[in-house]
Amino acid sequence: MSSLSTDPDQFRAELRDWLEQNCPAEMRDASTAEDNICWGGRTWVFQSNAQRIWLERMAAKGLTVPTWPTAFGGAGLDRACEKIFQQEMGRINARPPLLSFGIWMLGPALLHFGTEQQKQHYLPPIARGELRWCQGYSEPGAGSDLASVQTRCDDKGDYWLVNGQKVWTSYADKADWIFALVRTDRDAKKHLGISFVLIDMASAGVTTRPIKLISGVSPFCETFFDDVKFPKDQVVGTVNRGWDVAKYLLTHEREMISAGGQGLGGGRALGAVLAEQSGGLTDATLRAAALKSEVDALAIGLTLERYKDQAEGGEGVGDASAMLKYVGTELNKQRHELMMSASGSDALQWDGKSGADPADWLRTKANSIEGGTSEVMLGIISRRVLGLGA
Amino acid sequence: MANLTRSEEEVMLADAARGFLDDAAPVSHLRKLRDAGKTHDPSLWKDMAAMGWSGILVPESAGGSDMGHAAAGILAAEMGKTLVCSPFLSSAVIAATALRQVTGERSAAALAGIAAGDVTYALAIDEGNKFAPDSTSLVAERLGNGFRLNGCKTFVVDGGFADHLLVLARTDEGLTLFDLPKDRDGISCNAQSMIDSRDAARIDFENVEATGDNVVGTVDDAMRVLKPALEAGQAALAAEMTGLAAGAFGMTVDYLKERKQFGTVIGNFQALQHRAAHLWCEIEVTASAVINAGRVLDNDPDNAAFAVSLAKARAMDTAKLAVIEGVQMHGGIGMTDAFDMGFYMKRARVAAEWLGDYGYHAEQVARSRGF
Ligand SMILES: Cc1cc2nc3c(=O)[nH]c(=O)nc-3n(C[C@H](O)[C@H](O)[C@H](O)COP(=O)(O)OP(=O)(O)OC[C@H]3O[C@@H](n4cnc5c(N)ncnc54)[C@H](O)[C@@H]3O)c2cc1C
């Protein structure tokens, strides 16, 4: 398939044309409700033919991962064209063709730390939505203090052997592969004995057990490794230096989570959403709170754009991701509080068809926990940006 | 959407401004003026004019440097960091933007005067204790070919020392903007003692006569010239306030690294670390809104109201937090007049009220967002 022009104006025209012809009507509804998301993977069952077509067409153009190099399944867009891409997708209210931990987290880490062979092997299937990844970072004893992971990984000469337990592994029961932090040197200082490894979830000895969330669904799991063997070339970066990869990946994860509040109501203004839910925004207290929230949301959205403008060649925003995550997730939680309040008792039923969705509201409470808590973000800013504390 | 990072030239402009201001107008400059009972330093303004700052929004044909609103915001932010007291906003930003909306020799001459630093302006717009241009009641009644003005203006920033006033008045069919020399008969100026030690006046108009020549733009259509001027002023003021917040924050972080209690620097206490980190986030978020306002004013001035109000609203919130936290984290010394933080707090309060408060600007944002 022919690639798109790199001249911004021409790119916009070509892309607009292409989207117009290729985005199925059913996909012109940018809802990110869980039911509408396409996560891909070996066992993925498309919710509709349109969802399948949309993924295939976008993947063929490299537009599931627009900024990745074309060699690895992307479209190689620079920042200017990426902005245009977002605008044009927004213009027709197009749904993202594919969301995944591979796109948000593993991909950027591989692009930065992977060998050429690893990039060629792992990136294109992520771009095409053929493999679904999960994240094996947290353990029962290693949450905010992530560097104290204990899952044991021993060098057995021609393979690695893993034993241990991960927890809060989102979608572990649906994922094909896991990227995980494991301890490969038990004597070194805690940050210096960790490796970043890739393991096929179909390997013998891997089991998962779902955990139910307060929102009623079970998107995450405990993950157990019992004498799991995997090949030597499935370490990303240097052995025992996995913490560098882990931290880099987290900056991308945080940037992604920070944007959560921006897409609310398909990017619509909070005032309009609340007015719809409450039947006109007449409560003065609610309106005042919503007004402030809207001002903050717009400024936070601009901040996300500003930092992306600053980031060099797809390298991500670095330490500033802690700031973006902190402000973005606290905002998102607050917005869902306002929506619940606007909807009143309409939003108190699990299967309520009108008003705010209580499951969404409950789910947002995790935004300031997953990927590093708000307190941990403030700690990172204090130390690394402001130079406070040891 | 325009690029929201600073260009190389913009970074150089900021650095040059900082270099000049650290020397010529640190906070101690404001303190000296205050202690001497002054609100204006004409020689400082002359120096700024020599560097092209007074003409930053004046067309080159009238002797200006015409660098645009983003550049004006950069200067305003640097001035905000050390609370520089100058006619920059009133004359170089607000008056210049209003006057350049009209063509002709009179406005060209007025603009040239501003760019040269020879003439200073003040905007006489408020009448009550809040910014509400629509409810202007100072009247300019028809008198032969001219007008006669009667009424009173409050909170005329820089009105005490300004040579000219831009006066918003009610005429038969709407509002009209007048450009009057302050020594015109019937104008009496009462300088007010302001908490931020800067200039503001209450100005009475008693049978003040004006001619058609004094009208800026068209009779009954003040907003055509005033709206862009107000937006330019609001955006620059928002920029000043982010500079102010950054200045107060910088002092505070330095103090956290220096002051010892319980045998350690207070910056080691997590409670303070997290408050400082939160404040830094707020400053960063506001900086984006401010840069965006400058970009929109430069690229799409007819549709800038929303971006400008967003910037001003955010800037007030952030500046307020920065000075409140600034005093709190300094403890007792933060409350003393000998220490500079109080100057920041008082300027933040005045700047919050000038050209529309939080409620005013948040409401503008809300309207354009379908509330
Ligand atoms: C919905 C959801 C999905 C998740 N998905 C994944 C996933 O896919 N993969 C994965 O690996 N993990 C996942 N996590 C785990 C997540 O990263 C951890 O929950 C998080 O890092 C916090 O760790 P913890 O739960 O052990 O809390 P703790 O670290 O025990 O924290 C408890 C409280 O103490 C505070 N605290 C801790 N340390 C400090 C400190 N130094 N200073 C101040 N306060 C502190 C925290 O902020 C928090 O308020 C997910 C979590 C959630 C909720």
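Proteins get letters first, then strands, A, B, ... in listed order; numbering begins at 1 in each. Note: hydrogens, waters and symmetry copies are ignored here, and every other heavy atom, side chains too, is used.
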message = Salt bridge check, Glu20(A) against Arg16(A): does any charged N sit closer than 4.0 Å to a carboxylate O?
response = no
ask   = Hey, what do you get for CZ (Arg287(A)) to NZ (Lys292(A)), rounding to the nearest 0.5 Å?
value = 15.5 Å
request  = Answer with side chain, backbone, both or neither: which region of Leu291(A) has an atom nearer than 4.5 Å to a non-hydrogen atom of chain B?
outcome  = both
note = If one checks every heavy atom of Ala322(A) against chain B at 4.5 Å, the contacting part turns out to be neither
query = Of all of Asp317(B), Thr264(B), Ile291(B), which one pairs up most often with chain A through heavy atoms under 4.5 Å apart?
reply = Asp317(B)
inquiry  = So for Tyr358(B), is it side chain, backbone, both, or neither that comes closer than 4.5 Å to the heavy atoms of chain A?
reply    = side chain
key: Segment of Val327(A) engaging chain B (4.5 angstrom heavy-atom cut-off)   = side chain
query = Heavy-atom distance under 4.5 Å to chain A: side chain of Asn292(B), backbone, both or neither?
reply = side chain
message = For Arg79(A), is there an ion pair with Glu305(A) - N to carboxylate O distance below 4.0 angstrom?
response = yes
Heavy-atom contact with chain A under 4.5 Å, split by part of Glu363(B) = both
message = Heavy-atom cut-off 4.5 Å, strictly under: side chain, backbone, both or neither for Ala2(B) against chain A?
response = backbone
query = Of all of Ala313(B), Ala289(B), Gly267(B), Cys281(B), which one pairs up most often with chain A through heavy atoms under 4.5 Å apart?
reply = Cys281(B)
message = Please rank Ser374(A), Ala290(A), Ala275(A) by heavy-atom pairs under 4.5 Å with chain B and give me the top one.
response = Ala290(A)
message = Contact between Leu83(B) and Leu244(B) at the side-chain level, heavy atoms closer than 4.5 Å - yes or no?
response = yes
inquiry  = Taking every non-hydrogen pair under 4.5 Å, which of His361(B), Lys257(B), Glu284(B), Arg275(B) racks up the most with chain A?
reply    = Glu284(B)
key: Between OG on residue Ser293(A) and CG on residue Leu270(A), distance to nearest 0.5 Å   = 5.0 Å
key: Ring geometry between Tyr255(B) and His330(B) (parallel below 30°, tilted from 30 to 60°, perpendicular above 60°)   = parallel
request  = Measure Ala299(A) against the heavy atoms of chain B and call it side chain, backbone, both or neither at under 4.5 Å.
outcome  = both
note = Whatever's closer than 4.5 Å to a heavy atom in chain B on Gln87(A) counts as side chain
message = Counting only non-hydrogen atoms closer than 4.5 Å, does Leu272(B) touch chain A with its backbone (N, CA, C, O), its side chain (CB onward), both, or neither?
response = neither
message = Does Met339(A) form a side-chain contact (heavy atoms from CB on, under 4.5 Å) with Glu276(A)? I'd like the steps, not just the answer.
response = CA-CA 10 Å; Met339(A) 292 198 287; Glu276(A) 192 178 285; over 6 Å; no
query = Taking the side chain as C-beta and beyond, is there a heavy-atom pair between Thr318(B) and Thr242(B) under 4.5 Å?
reply = no
ask   = Is any side-chain N of the basic residue among Glu337(A) and Lys365(A) closer than 4.0 Å to the acidic one's carboxylate O?
value = yes
